[in-house]
Structures are given as C-alpha cells and as structure tokens.
Protein chains: 2
Amino acid sequence: MDKPKKSVRRKTSGVTIDEVAALAGVSPMTVSRAVNQGNVREETRERVMRAVRKLGYTPNVAASSLAAAQHTRIALIYANPSGAYLSELLVGLLRVASNAPVQLTIDYWENMDAEAERKAARSLASRVDGVILPPPLCESAAAVGELVKARIPVVAIASGRQGDGISCVRIDDFHAGKEMAEHLIQHGHTRIGFICGRDDLSASARRYDGFVTALHEAGLEVDPELVQRGNYTYRSGLGAAELLLAHGNPPTAIFASNDDMGAAAISVAHRRGLDVPRDLTVVGFDDTSAATTVWPELTTIHQPIAAMADAAIDILLRTIRNRNDEARPLTDHVLPHRLVERDSVARPPRGR
Amino acid sequence: MDKPKKSVRRKTSGVTIDEVAALAGVSPMTVSRAVNQGNVREETRERVMRAVRKLGYTPNVAASSLAAAQHTRIALIYANPSGAYLSELLVGLLRVASNAPVQLTIDYWENMDAEAERKAARSLASRVDGVILPPPLCESAAAVGELVKARIPVVAIASGRQGDGISCVRIDDFHAGKEMAEHLIQHGHTRIGFICGRDDLSASARRYDGFVTALHEAGLEVDPELVQRGNYTYRSGLGAAELLLAHGNPPTAIFASNDDMGAAAISVAHRRGLDVPRDLTVVGFDDTSAATTVWPELTTIHQPIAAMADAAIDILLRTIRNRNDEARPLTDHVLPHRLVERDSVARPPRGR
DNA sequence: TTGAAAGCGCTAACAC
DNA sequence: GTGTTAGCGCTTTCAA
C-alpha cells in the first residue's frame, strides 16, 4: 500500500495531482488543465474528472498560487463595523478567496484623521497587491489618494467616485432611490419625508437625487422641511425622524436612506403612538439585518453584496495581472438592486 | 539593478527571503529561523530583523505552508446568518488565518434536515482538516456526529456539549446569566421576566440556570408565568414580551437571553406606552449590533468573539498537528465575558 | 548556531 | 491537445 517515496520529508494528508494523473492515465499537466478549464479534449476531461471525484481530489491552493506566481494579497479595510453589511461582504469575499490564489487580509482603521490614514495607506501599500474599500473609506481623499499614488489597485464597494482613479462596484443608487420614491408615490403618498445619509458619501447624494427626480416627475414638490440630515447611524435617525414627525404638517411616509435610520423612524413613530404602516409608512435602504429586527419589517432596497464582493475581487485580480500594461482601465461595475417589499408600507391614512 | 534571473518564469512582486538573506549576510535558512522564532543567536536575529524591516519583507504564506506541509483547511459552517455575530467571528478568524498556514473556507448550510446535514458533513470531511461550528449547528447531533466519526476535529463556538467529542470555546454562560440577574436585583427588581432562547441550545439553558440561581440566592421566587419561550429571533421576542407585559402583575424588568429579543421587548414596551427604562428595564445578551440599534441602547453581556475565533483556530491547529498521537485531548476553553452597562436599566418605578 | 541540499504540489513555458 | 522540464518561495532534514 504505502509505496516508499523517494522523499524523506513528511507528506501532507491530501490527494495530489499526481495520484489523479496516474489514475486517469494522463500527465499531471493535463489534470491541471482539466481542472482549471484549460484546453483539453472533452473526452480526456471526462476521464480526469472521474478520477478527481473518485479520489476526492481538491487542489492545494498554496501550491497552485505559488506555482502560478499569482499569489495575490488583497486587503479589505473597514472603518465602521456596520455589522450585517460587513458580514455579508466578508462572506462573499471569503467564498471567492478560498477558491482563488488570493490571500485575504482585513484591517480596521478606527477613527483615523487624514494624516493617520495616509500613513496607514503607505504601510498597507507595501504589504498588499490590491485593496477593497467599502464606505466610508472609499470616499476618503487621504486614503484613496495615497493608495493610488502607490499604484495599488483599489476597488470601492457601493460608493466612491471613479474620478479618484479607482474602480467601483456598486448598484445604481440614483435609480434605486427613484424607484423607492415611486413605490411610495404609487401607494398614494404625496408628503414624503427624507432622511439623508452622510453627505460626504456620494451614494447618499445619488439616492437623494433619485428621490427628488421621482417627486418632480410625479409633479410633486420637495418640501425642504421634510428633508432631514442623518449620518447613517440609528441615533441620527432618531433625531431626524423626531423633527419630521414634530412638523406641523407631518409626512405620511418617511424614506430613510439606510435601514438603521429607517428602524429609528419606526421607533420614534411608536413612541409617538403612531402605528406603522397604518399611520405612517417607513422605508429603508440596503436590506441589512436592521431591516428585519424591527416590527414591522422594513421595505427596503436590497444590494447584491455577495455578488459585489465577487466582482471586486475579479476586477482586482484582472488589474493586478495586467500590471505590465501601463494602461490600467478603471472599471465601474453596476449591479442590479431589488426593491424588497415587507410590512412597513401602506396607503396614507384617510383624510390626508 | 535588475540582475538577470536564470528563471524564465515571471516573478512575484514581493521581497523574498533570499533578498533579506543577502542583505543580512546570512543564509535564507537563518532568516527563516529568525522570523519564525527559531534558534538563532540574538545578535544574528537583530541583524536579520533590520534587513526585514528595511526591505519590507513579508513571508509568502503560500510558500511557507507548502514547504512546511502544514497547509490546513479549516471550514466555518454557519446556518443562521445572524449578521453581527457572524461578522465579528469572521473578522477574528480571518485575522488569524491570514497570518497562519490556514486556508479558511465558509459554508452555509441552510434549512437542512438531519439527513442532509449528515451528507454535507461527509462531503465536508473529505475536503477539510478541521471545522468551526457556531450555534446552532454545534448542537446538531447529525452534523457533529458525522464529523466526529470522520475523525475531523471540531471546535464549537459559544455553545456545544463537550461530551459529543468536540472541543468548545465559549464564555461561562451560567455565571454571565447569574451576573446579569444580580445586576437587575441590585437595581431593586424583584419581578423579573425571562425570555428563553432556543431550548435545543445548551448555552441558552445555562443562561437560564444562572438567572434562576441568582434569584434563589437573593431569596426570590421564579414565577413560571414570567418565563417565556423565545427562539433567539426578533419576532419570537415580540410574542414573548407581549405575553410578559400583558400579565396581570407584569415584571418590572425583562431579561432577554439575546439582544434581538431584548430589542423586541423594547419595541413592545414602546407600543404599550411604556418608557424604557423608566417604566420597564430590559437587558439583552451577546452585545451584537441589535443592542445598539435600539433606543435606549441595551445593557447586555459582551462576548469576546474575536478572541474566541483566535482560540478556536489555535485549538484546531494543535489538534490537527497531533494527528499521529491517538489521544486527541478535547479542550473546553472558557473566555471572560463582560457586562456592558448602557441605558436600558433603571430602578423599578415607585410603588412597585 | 548555521548552512546546503532537496522538495512541498502545482503550473508557465515550450516542445512535440 | 498533451507531455516535459524547471522552478514558485519557503522549510525540512542532515551535516558541519
């Protein structure tokens, strides 16, 4: 059974490509090609794959990245541990990374000023080949600028301005915002309150623009008093909703530009004795866990975060391998969003 | 500058061990030892480390795992995408995995019955060297049993019974529950409602036992009507809190065995016109994002999830490398928890 | 305490 | 379409 190996070194437990090759009666190279979608005759591939299945072969990622000299270090930097969002992103990233010659690392940049960000970015640049930047960091001129200067490819998730020299993976926030506003209008709402996100995030501005456009197209005015500033936190949503509902002529619907603030609006409504959605309609954005840990659950916009993670790594890998070509095209990848209807929307109360 | 390499193959961007060795005037082997805490004269180590810093050398994890034949595949299997919790766990796991010869993969087992779990476990067993199992999977006899049968080391996070042949990393749920109950008692509460977690999870039972013990030690009775069943979801917390507050002689405090249900209790209280914490005290457990996306923010028990992730990988690696020793000691690693005081606790209203 | 040789499992390059 | 050769960057083993 145990054929004596020439090597003195200890072996890993797993099945190797050579064993598969032997069983399939081909060379290891052919197995490699068959497994990695290379050019192999269909018949040969069949035979190889049968051997693969029989032996339960899984490629050793370490070996393949080493051999391909394609070992790529990609860092995900996050600044606000917005739970659900990050978790989905990570899951998506990990799913890709564990099947690709990619070493994923994560860094947490907490409360850094511009100078600290610049320093952190410089240090990062020497350690990684590519960076994934979710909001809000992807809009930090300091962080992005330094990374770009170091010629490290950067992909911004869900936000970011392409003009900064980085690629973006995002949804169409403008149309998503417009669609959500239209959803509200279709339900008969005409006085709609809006809770903004952080005004330094471009996605936030795009959502607002979509909202405004929908209202205008429906022949509705945007009452400036019905637009309140938030910063994406639950707490900020509380204040904004409070102002909206204390208005002499309050809105019949509130469009919060993320779920946390939407959840906050529901809480404020309840404390004011309003039933949601009977007395007040509330919608959120992002479809994070905050949308479902409230009652009623929030109607919201779903972002395909896992797919965005996929796309981000793909873009990074492509860019990195193109290193020699001086022209590194910047990508702006827009993925489809989806309006998720739940229980927080109804027609406005009668008489309004 | 560019010494012509003998090799035709393209090179990776990074600094290699040979360059460091050359600069430090030692052999690559010495650099390896210096970097990996091997036996090197202090003076030599100094010199090597200087070169490392100067060049910005980072070991190529792929190469080192390959050479050490230590490449280890570890899978994290999750079943309930409980956002915040998972995200913290992943972050912790990734932090360790990216600096160790570990390939982390994740799998999502959604709504599987016992048979499906068994099948998935068998397939997993052929692909990985170790498994990390957060709740609720770590208490699934099917999943755990099959993995143990395949001699795959398993570490349960935050739950699990050691008797099942697996190692555990957890906090002391009993004492945490007791401590929280004592916190409530110290604030003067004597009628305390309890919302249970899933009764198939041992951690849940331990929290309850701690609660009961604290009450008994304080000479208080446990009113069975004040103990309601939940299943860790927000929705279940809604129902349980409703029952608690509809009671003829309602509790002045509610102890929910996780944050989601605690948040639900707050929502129910608000809709019944109660102020939290003035009229009702509510506490949660776990310190997930749900604890802070409510108002008032929940007093809760913090679990050191990142540290638990660390410990889990450590245990797995140790166990796997011990493969030859027939005796694989099972570990039960208990980490310290922390009671986090926020704004949802006050003394009971007067006259109660 | 340090170095030299060999090879971990895989794939790029180049034949055929 | 397939095989051969030569390493990827590191660490094991063994010798000095």
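Being a predicted model, the structure only gives us computed values, none of them experimental. Letters A, B, ... mirror the listed sequences (proteins, then strands); counts begin at 1. These values consider heavy atoms only, across backbone and side chains, with no hydrogens, waters or symmetry-generated copies.
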(message) In whole Å, I'd like the distance from the CG atom of A:Asp18 to the C1' atom of C:dG7.
(response) 12 Å
(request) Could you tell me whether B:Asp332 and B:Arg170 make a salt bridge, using a distance below 4.0 angstrom between a side-chain N and a carboxylate O? (result) yes
(request) Quickly work out the B:Gln37 CD to C:dT1 P distance and round it to whole Å. (result) 15 Å
(request) Tell me which nucleotide among C:dG3, D:dG9, C:dT11 gets nearest to the side chain of B:Val26. (result) C:dG3
(message) From the set D:dC10, C:dC10, C:dT1, return the single nucleotide nearest to any side-chain atom of B:Ala63.
(response) D:dC10
(message) I want to check one thing: is the phosphate of D:dG1, taken as OP1 and OP2, less than 4.0 Å away from some side-chain N or O of A:Thr44?
(response) no
(request) Provide, to the nearest angstrom, the distance between the CZ atom belonging to B:Arg73 and the P atom belonging to C:dG9. (result) 11 Å
(request) List the atom of B:Val128, the atom of B:Ile152, and the distance in Å for their closest heavy-atom pair. (result) O-CD1, 3.4 Å
(request) Consider the side chain of A:Arg41, meaning its heavy atoms from C-beta on, and name the nucleotide among D:dT2, D:dG9, C:dG9 that approaches it most closely. (result) D:dT2
(request) Looking only at side-chain atoms of A:Leu66, point me to the closest of C:dG9, C:dA13, C:dG3. (result) C:dG9
(request) Take atom CD of A:Glu19 and atom C1' of C:dC8, then tell me their distance rounded to the nearest Å. (result) 13 Å
(message) Below the 4.0 Å mark, does C:dT1 have OP1 or OP2 next to a side-chain nitrogen or oxygen of B:Thr30?
(response) no
(request) Among the candidates D:dC10, C:dT2, C:dC10, find the nucleotide nearest to the side-chain atoms of A:Asn60. (result) C:dC10
(message) Please report the distance, rounded to the nearest Å, between CG in B:Asn39 and P in D:dT12.
(response) 13 Å
(message) Quick check against the 3.5 Å criterion: does A:Asn60 have a side-chain atom that pairs as donor or acceptor with the backbone of A:Ala62?
(response) yes
(message) Any side-chain to backbone donor/acceptor pair from A:Glu146 onto A:Ala143? Under 3.5 Å, distance only.
(response) no
(message) By nearest atom, which of the nucleotides D:dG9, C:dC10, D:dT2 is closest to the B:Thr16 side chain?
(response) D:dG9
(message) With a cut-off of less than 4.0 Å, is there a side-chain N or O of B:Ser64 near OP1 or OP2 of D:dG9?
(response) no
(message) Before you tell me yes or no, could you show the steps for A:Arg45 and A:Thr30 under side-chain contact (heavy atoms from CB on, under 4.5 Å), namely the whole-Å CA-CA distance, both residues' side-chain angles and the distance that decides it to 0.1 Å?
(response) CA-CA 8 Å; A:Arg45 159 170 284 122; A:Thr30 302; over 6 Å; no
(message) Nearest whole Å is fine: how far is C:dT2 C1' from B:Glu42 CD?
(response) 16 Å
(request) Using atom CZ of A:Arg33 as one end and atom P of D:dG1 as the other, report the distance to the nearest whole Å. (result) 10 Å
(request) With DNA chain C as reference, determine whether B:Gly25 or A:Asn36 sits nearer its 5' end, using the nearest nucleotide of each. (result) B:Gly25
(request) Would you indicate which nucleotide in D:dT12, D:dT2, D:dT11 comes nearest to any side-chain atom of B:Met29? (result) D:dT12
(request) Kindly indicate whether the side chain of A:Arg45 and the base of D:dG1 share any N or O donor-acceptor pair separated by less than 3.5 Å? (result) no
(request) Please report, rounded to the nearest Å, how far the P atom of C:dC8 is from the CD1 atom of A:Ile17. (result) 14 Å
